[in-house]
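Counting convention: from 1, in listed order, for ligands and their atoms alike.
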Amino acid sequence: MYQIYALKYGERDTTACNFFFRETSHAPLTLHFFVWLILGGPHPVLVDAGCCEEHTAARGLRGFVSPAALVERVGVKADQIPLVVISHLHWDHWAGHTLFPRAEFLVQREEVAFWTGPMARYEAYRMVAEPPTLASLVTLNYAGRMRLVEGEHEVFPGLRAHWVGGHTAGLQIVSVETARGRVVLTSDASHFYRNVERYQPTQLITSLPQMLAGFDTIHRLAGDPSRIVAGHDPEVAERFKPLEPGIIQIA
Ligand SMILES: [Zn+2]
């Protein structure tokens, strides 16, 4: 049985029409930014690396707390995390990898291929990338710190990564056996509960059919909607148990 903590490292405001697929409402929308720490296995596992202070200004991120400081508040030193599962390579999930100097990074092979491939030249994708942090994929790979996987991958028994694609080519979600059943960390396969619950996609996609099928996968893996942890939704703090500012106990 594993324990999971959602660690919130910042916030950003946008509008519904800028975010959801074919949405007409101009209602304000706030995104919360998280990394997720999983304890109870042979060693701690982090899901996503967040970003560093230097990336926040250009992205309009406020209330930044370093993901490294957050994991330490749960009792784990950042340089003692051996494995970070990276859901995808957008700046807010990958650019903080330097905060975890001893970690190996588990990423879908297709995700690395996408962000180092021909789509990089187009603004629609470039806008969510931090090129210097993507260049480090190569040096980390030669340093033996990239675990490139395909499809479904068991990290430990009861802790698995599952390719879903949709939002990005190699987006993966994580399922975790806990005392409350199998919890699904959706990351950006469902930024908000509204995505997975109403099957409303987001605007930023590489494949719409994959995103829709990903909602099915989330429901199938979780079994019960109460075990879904959305990727950027402030409502996570209401559905689960905040322990102190920025730290939410999921299970
Ligand atoms: Zn994101």
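- If you count the protein N, O or S atoms nearer to the Zn ion (ligand 1) than 2.8 Å, you get 4.
- Between the CG atom in D224 and the CZ atom in R180 there is a gap of 9.0 Å [rounded to 0.5 Å].
- Here F19 and H191 bring their ring centres to under 6.0 angstrom of each other.
- Under the side-chain contact (heavy atoms from CB on, under 4.5 Å) test applied with L106, the options V155, I86, V174 reduce to a single match, V155.
- The side chain to side chain contact (heavy atoms under 4.5 Å, CB included) test applied to D216 returns Y199, not counting sequence neighbours.
- Salt bridge present: D13 and R62 bring a charged side-chain N and a carboxylate O closer than 4.0 Å.
- When each of V164, T168, D48 is checked for a side-chain contact (heavy atoms from CB on, under 4.5 Å) with S187, only D48 meets the rule.
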